[in-house]
Amino acid sequence: MTLVVAQVIVDVAAYPVDRPFDYLVPEEWHALIEVGSRVKVPFGPRNVLGFVVALQHDTEVPMNKIKPVTQVLDIEPVLTEEMLEMAKWLKQQTICYEIDALQAMLPSALRAKYEKIVHLCGEIEDVPKPLQPFFNRNGKADFKNFEKAGLLHELKAAVKDGFVTIENSVKQQGAVKEIRKVQINQDRKKLEKIESEISKRAQKQKQLVQWMAERPGQVFLPDEVCSETGVTMAVLQVVIEKGAAAFIKEEVYRDPFTKDIVKTDFLKLTDEQETALSAITGAMDAQVAETFLLQGITGSGKTEVYLQAIQHTLQEGKESIVLVPEISLTPQMTERFRSRFGELVAVMHSGLSVGEKYDEWRKVQQGKVKVVVGARSAIFAPFGNLGLIILDEEHESTYKQEDSPRYHARDVAIWRSEYHKCPVILGSATPSLESFARAKKGVYTLLTLKKRAMNQNLPTVHIVDMREELKLGNRSMFSIQLADAIRERLAKKEQTVLFLNRRGYSSFVLCRDCGTVVECPNCDISLTYHRFSEKLKCHYCGHEEYVPEVCPECASDHIRFFGTGTQKVEEELHKLFPEARVLRMDVDTTNKKGAHETILDAFGRGEADILLGTQMIAKGLDFPNITLVGVLSADTSLHLPDYRSAERTFQLLTQVSGRAGRHEKAGEVFVQTYTPEHYAIELSKEQLYEPFYEREMYVRRQANYPPYYYLALIQVSHEDVMMAAEYAARASEYLRANLSFNVSIIGPTTASISRLQNRYRYQCLIKYKVEPKLIPVLLQLIKLYRSEWIKKGIQLTIDLDPSMI
DNA sequence: AAGCCCGCTGAT
DNA sequence: TCAGCGGGCTTG
């Protein structure tokens with residue numbers, strides 16, 4: 001008998017167990033188990049899920065210590081060799097647990113749920129009275145119920161006395177969806193025999209079996225059978241019992257698409273597009289891992305280049321991944337891929353249910369699709385023969401995951417491209433400074449599209465100085481110019497998009513007498529006012545409360561909400577243009593699944609004159625009748641305490657302006673601002689990316705920020721301010737002592753959100769150019785202080801290349 | 001992470 | 001003397 005030993009990474013995220021453990025594979029599983037399989041294994045006193053990362057025929061572990069695998073959960077392994085390698089790289093790159101890296105690559109349906117079940121050993125009468133009502137007929141009870149009832153002591157005693165046992169079990173989520181169908185018996189003679197045995201009184205049954213006899217072996221939905229033959233389910237049931245047919249289960253994919261596919265044809269490329277495409281296909285044919293930065297002004301037809309590049313990979317029999325910032329926000333974009341490649345496309349985004357996500361993932365795994373369009377995590381799509389990876393709107397911050405594993409989709413894309421020897425396209429009208437700098441250095445290949453594809457002119461952008469408006473006595477949110485322009489569109493039956501730049505600036509409640517702003521009791525953040533529910537909400541921890549009637553500090557009743565929410569703008573719009581039909585798109589109106597799509601579709605059909613919204617309308621919106629775009633407050637994202645605020649503002653304004661006049665009709669844009677002279681605003685007027693780049697690079701160089709320097713952020717949190725401050729100082733001290741002298745270490749300082757979920761937060765920022773010691777030193781720091789931190793309740797997180805600081 | 005063992009404390 | 005608890009250790 002051969003010995004088979006599986007090395008397993010267990011589903012426990014903790015430092016001491018962040019390594020493979022050996023398990024024996026019982027003979028019955030020898031044929032089934034593979035590298036990449038999920039397994040159920042005993043781990044200490046528990047049962048946990050694990051991933052097989054290696055199989056071997058020997059082990060260093062003494063035979064009295066090694067335990068067998070309890071179960072193999074998959075017929076096909078869920079992880080590929082590539083994923084296992086990628087996980088090791090991610091672990092090293094982002095300092096995370098290997099298990100976190102592995103889980104990030106799989107749909108959540110494949111993650112385990114754990115439950116504790118209490119089993120009766122003997123008779124229910126043996127168990128102490130108070131525990132008895134919790135057990136069901138099978139002698140089982142849910143551990144949680146005892147916890148809730150405060151009976152843990154009694155339960156523990158019962159375990160000790162041997163009346164009950166506690167089992168830790170791994171529960172899989174209901175993943176594969178099946179439907180019930182009716183399969184008619186293949187044997188015609190049998191059917192005729194059944195028919196002859198049916199009594200004359202059972203007319204319906206006879207009728208049904210006759211119908212079946214004409215269709216031996218065929219499969220129908222139960223409803224189809226009933227409606228075709230005019231019988232009820234009860235009759236069908238009886239006939240099935242007699243053996244004329246059988247219920248079978250068929251695996252189905254949930255269909256997240258509501259619309260039918262309308263096939264579209266390839267568009268003729270411009271010379272610029274043609275040049276870009278041939279560079280990309282050249283890399284594909286030569287099988288080299290080249291990263292292209294495709295910089296094209298808004299409306300220059302980047303998407304068509306993507307589509308034709310994908311067509312090329314399909315012809316070569318290879319697969320493509322397309323990443324978009326947040327796909328549920330851009331149904332138009334996904335529609336373009338689906339309409340070009342039809343059933344070959346899977347879509348993965350956060351708006352899908354757990355089951356739907358799993359189904360899309362399985363289509364990829366089983367090779368049923370060749371193209372994946374999805375948000376950040378789709379970069380892990382389990383393709384085995386990748387030919388192309390595309391990141392659209394490459395500069396977007398949503399490509400960086402904010403919790404462990406803190407990876408950037410761009411880095412994973414480049415890693416996979418090297419693994420598969422295929423090109424990556426980073427596309428944007430306004431590339432991140434990092435990417436553009438790399439393109440200039442020759443690390444990436446720069447491809448530019450300078451002309452709009454349909455030869456339209458760029459929209460005319462007017463910068464409106466709101467200080468002047470104030471001087472003229474206009475205190476409304478709409479400048480005279482913008483209001484006139486809206487009036488004009490209403491008259492011409494053209495559409496307007498109004499954009500409220502609300503980042504870092506939402507409605508809050510303020511007391512006019514003492515100036516108190518109502519804050520979250522758990523976090524140092526002012527609460528956001530939601531008019532619809534009349535509640536104040538903390539969007540960091542989810543705390544909710546009703547709007548106080550009097551000020552909690554001074555008891556004055558002059559307490560009002562402040563700030564410019566979309567609802568307030570909507571009200572003002574109604575006052576100014578009572579006849580205008582307004583659609584509002586913000587957090588409140590898009591809570592429901594598919595709401596984005598519904599609103600955008602309605603606007604596309606011309607059911608409204610004005611679309612009003614926040615950042616979420618900036619992307620992908622492409623309708624021919626939009627000829628006016630208004631940015632109500634360009635500055636709000638400019639004054640955030642973030643070194644990227646100018647870059648973000650420039651990107652946002654360029655992006656939004658690009659929504660106007662994409663088709664035959666010319667577009668016009670009004671940008672309202674209190675700082676018209678700021679370079680981010682001035683240069684966005686004509687989409688002057690390169691001058692902006694030069695200017696912003698100068699600022700970054702002065703302040704030692706990326707792309708000149710890399711950043712690493714260490715955050716320390718504790719319930720007690722002093723503890724948090726003290727340990728942040730200790731961590732900073734350690735880093736200063738151990739990193740090279742040319743690395744600058746800033747801090748400890750309070751984090752930008754100084755208290756979150758009742759924990760005080762301090763941070764330390766590391767700026768470095770080249771520092772090979774960084775990761776080893778950080779690992780050393782963790783290793784040295786880990787146990788002390790755990791004891792004291794300190795939490796420490798490390799974010800290499802943080803997106804927000 | 002979480003259960004378990006072992007040693008310490010304190011009341012019997 | 002032993003229950004009750006907390007820290008440290010182990011998990012294959």
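Keep in mind that what you see is a predicted model, and the values were worked out from it rather than measured. Reminder, nothing fancy here: chain letters follow the sequence lines and each chain counts from 1. These values consider heavy atoms only, across backbone and side chains, with no hydrogens, waters or symmetry-generated copies.
A:Y15 has its OH atom 18 Å from the P atom of B:dA2, to the nearest Å. Rounded to whole Å, atom P of B:dA2 lies 11 Å from atom CG of A:D11. What separates CZ of A:F43 from C1' of B:dA1 is a distance of 9 Å, to the nearest Å. Atoms NZ (A:K791) and P (B:dA1) sit 16 Å apart, rounded to a whole Å. Per the geometry, CD1 belonging to A:I99 stands 14 Å off P belonging to B:dA1, to the nearest Å. Here the C1' atom of nucleotide B:dC4 and the CZ atom of A:R46 are 12 Å apart, to the nearest Å.
Base contact: A:P16 has a heavy atom under 4.0 Å from a base atom. Residue A:K67 is in sugar-phosphate contact alone, with no base atom involved, counting any heavy-atom pair closer than 4.0 Å across all strands shown. Nucleic acid contact class of A:Y23 (heavy atoms, under 4.0 Å, all strands): sugar-phosphate only.
Considering only heavy atoms from C-beta on, A:V78 comes within 4.5 Å of A:F51 through its side chain. Contact annotation: the side chain of A:P382 approaches that of A:W361 to within less than 4.5 Å [non-hydrogen atoms, C-beta and beyond].
Under the 4.0 Å criterion applied to side-chain N and carboxylate O atoms, A:K91 and A:D18 are assigned as salt-bridge partners. The pair A:R410-A:E394 meets the salt-bridge criterion, since a charged nitrogen lies less than 4.0 angstrom from a carboxylate oxygen. A salt bridge links A:R416 with A:E82: at least one charged nitrogen is closer than 4.0 Å to a carboxylate oxygen.
Sorted by first and then second residue, the side chain to side chain donor-acceptor pair (under 3.5 Å) pairs involving residues 788-803 of chain A (not counting sequence neighbours) are A:K400-A:D799, A:E402-A:S803, A:Y727-A:E788, A:Y727-A:K792, A:R730-A:E788.
Heavy-atom contacts of chain A under 4.0 Å fall on DNA chain C between two terminal nucleotides, which in 5' to 3' order are C:dG8 to C:dG12.
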